[in-house]
There are 2 protein chains.
Amino acid sequence: MHTQLNRRMTKQRHIIIEELRKVTSHPTADQLYEMVRKRLPRISLSTVYRNLETLSAEGMILRLDVAGAQKRFDATVENHYHIRCNHCGRVDDVHMEPINEIEEIARRRSKYQSVSHSIEFSGICPDCFGRG
Amino acid sequence: MHTQLNRRMTKQRHIIIEELRKVTSHPTADQLYEMVRKRLPRISLSTVYRNLETLSAEGMILRLDVAGAQKRFDATVENHYHIRCNHCGRVDDVHMEPINEIEEIARRRSKYQSVSHSIEFSGICPDCFGRG
DNA sequence: ATCAGTATTGCTAAGCGTTTGCAATTAGAT
DNA sequence: ATCTAATTGCAAACGCTTAGCAATACTGAT
Ligand SMILES: [Mn+2]
Ligand SMILES: [Mn+2]
Ligand SMILES: [Zn+2]
Ligand SMILES: [Zn+2]
C-alpha cells in the first residue's frame, strides 16, 4: 500500500520545475527564485524553498548538499557526480560511471550497514583558468 | 621565503588542540567547546571557532565540511575518508587507500584543472543497527 | 625582570542560508 | 458551485558561524 501524498500542482510549483529544467547550472534556491520571479513576480522565497524541499523528497528533482556551501538543485535525477570550481563556485556534471565497489570496501572496513557514497570533485573550471 | 605568521600559543589554543587530540569522534565546534570548558570555564565559543579556523588553515588539524551539517574537526591530518551515520550523525574514519585515479578521469571528462576529490560515505553505524 | 607592541581574547551583535507559524488563498475532488 | 485541505506570502525565528571592539596577555627585544 502506498502513502497518499495529495500533492497539488500550483502555478508556483509548475514554474519552479520548468525553470529548473531549463538550466544545467545547478542553481541555488535564491538563484532559482530570481529566475522564477521573472515569470511570477509575487512568489516568495519561502515558496521556492518549500517546493524544492518537497520535490527533492519525492525524487522529482535532486538536492545537492555541497560541503560548506549553499544547497544546489538539479533537474537531472539520475545518479551522477559533480565538480565545483574553487574559484567561481560553479558546479558542473562529471559524466562517469558511479564507482559502487568502494561502498563494499567501506562497509567492511567501517562495520557500517547500508553504505552509500557521494563524491565531490573540485578544481578550476575552464572559464576561470582562462581568465587567471 | 616563508610568510611570517606570528602565532602565539595561548592556553586556550593549547587546550583546544589537546582536547581534540584526545578523541577520535570528529567533534563539532560546540562539542569541543563543551570539552574545553571543563578545563577553561571562561573560554568563549568564538575563541574555539577562531582557533579551529586558524589551526585548520595552517594544517595543524583537519576541518571536515560535512554536506548539509555542522563542520567537524579532526586531529588526524593525514588524508583519509569518513563515514557518517544517517541515524545518529556520528562520524567515523574509513581506513582505505585514497583512490586518486578518479581525479584523472574527472579531469578529462570535466575539462577542469587541478582536480581533487572528497568522498563521504554514509550508512548505519554499529550502535544504531543494534538498537535500531 | 621589565617593557612595548600586537595577536588574541571574551563579549555581543550581526550575518547568512534556511525553516517555521499563521492567516489568507486556491487546487482539485465531489 | 461548494468544500476542504494543501499551499501560499509574509514575517519572524532559527542554527551555525563570523565580525567588531575594547580589554588582556603572549612573546621578542631591551
Ligand atoms: Mn548535475
Ligand atoms: Mn578522521
Ligand atoms: Zn570557475
Ligand atoms: Zn549511529
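Everything numeric in this text was worked out from a predicted model, so none of it was measured. Chain naming here is simple, since letters A, B, ... match the order of the sequence lines and numbering starts at 1 in each.
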Should the pair A:Arg39-A:Glu18 be classified as a salt bridge under the 4.0 Å nitrogen-to-oxygen rule? yes
Check this for me, if you would: do A:Glu97 and B:Arg109 make a salt bridge, where the nitrogen-to-carboxylate-oxygen distance has to be below 4.0 angstrom? yes
Do the side chain of B:Ser46 and the base of C:dT12 come within less than 3.5 angstrom through a donor-acceptor pair of N or O atoms? yes
So, are A:Arg63 and A:Asp65 salt-bridged, with charged N and O less than 4.0 Å apart? yes
Determine: side-chain N/O of A:Tyr49 to OP1/OP2 of C:dT19, distance under 4.0 Å, yes or no. no
Quick one: B:Ile15 CD1 to C:dT9 C1', roughly how many Å, whole number? 14 Å
Measuring from the side chain of B:Arg8 (C-beta onward, heavy atoms only), which nucleotide among D:dT27, C:dG10, C:dG28 has the closest atom? D:dT27
Does D:dC26 have OP1 or OP2 under 4.0 Å away from a side-chain N or O of B:Gln12? no
Regarding C:dA7, can its base be found pairing with the side chain of B:Thr10 as donor and acceptor, where the two atoms are less than 3.5 Å apart? no
Is any side-chain N or O of B:Lys11 closer than 4.0 Å to OP1 or OP2 of D:dC26? yes
For A:Arg42, report the nucleic acid contact type (base, sugar-phosphate, nothing); a contact means any heavy atom under 4.0 Å. sugar-phosphate
Closest to the side chain of A:Thr47, out of C:dG10, C:dG17, D:dG9, is D:dG9
To the nearest Å, give me how far apart CZ (A:Arg7) and P (D:dT4) are. 22 Å
Quickly work out the B:Arg13 CZ to D:dT27 P distance and round it to whole Å. 9 Å
Gap between atoms CG and P, on B:Asn6 and C:dT8 respectively (whole Å): 8 Å
At under 4.0 Å, does any side-chain N or O of B:Gln70 touch on OP1 or OP2 of D:dG15? no
Please tell me which of the listed nucleotides, D:dT8, D:dG20, D:dG9, lies nearest to the side chain of A:Asn51? D:dT8
Centres of the A:His82 and A:His26 rings: under 6.0 Å? yes
Would you kindly give the CG-to-P distance between A:Leu45 and D:dG9, to the nearest whole Å? 11 Å
Separation of D:dT8 C1' from A:Met9 CE (nearest whole Å): 15 Å
Is A:Asp127 paired with A:Arg90 through a side-chain N to carboxylate O contact shorter than 4.0 Å? yes
B:Arg50 (side chain) and C:dG10 (base): donor-acceptor pair under 3.5 Å: yes
Tell me the interatomic distance from A:Tyr33, atom OH, to C:dT18, atom P, rounded to whole angstroms. 14 Å
Rounded to whole angstrom units, what separation is found between the NZ atom of A:Lys71 and the C1' atom of C:dC16? 13 Å
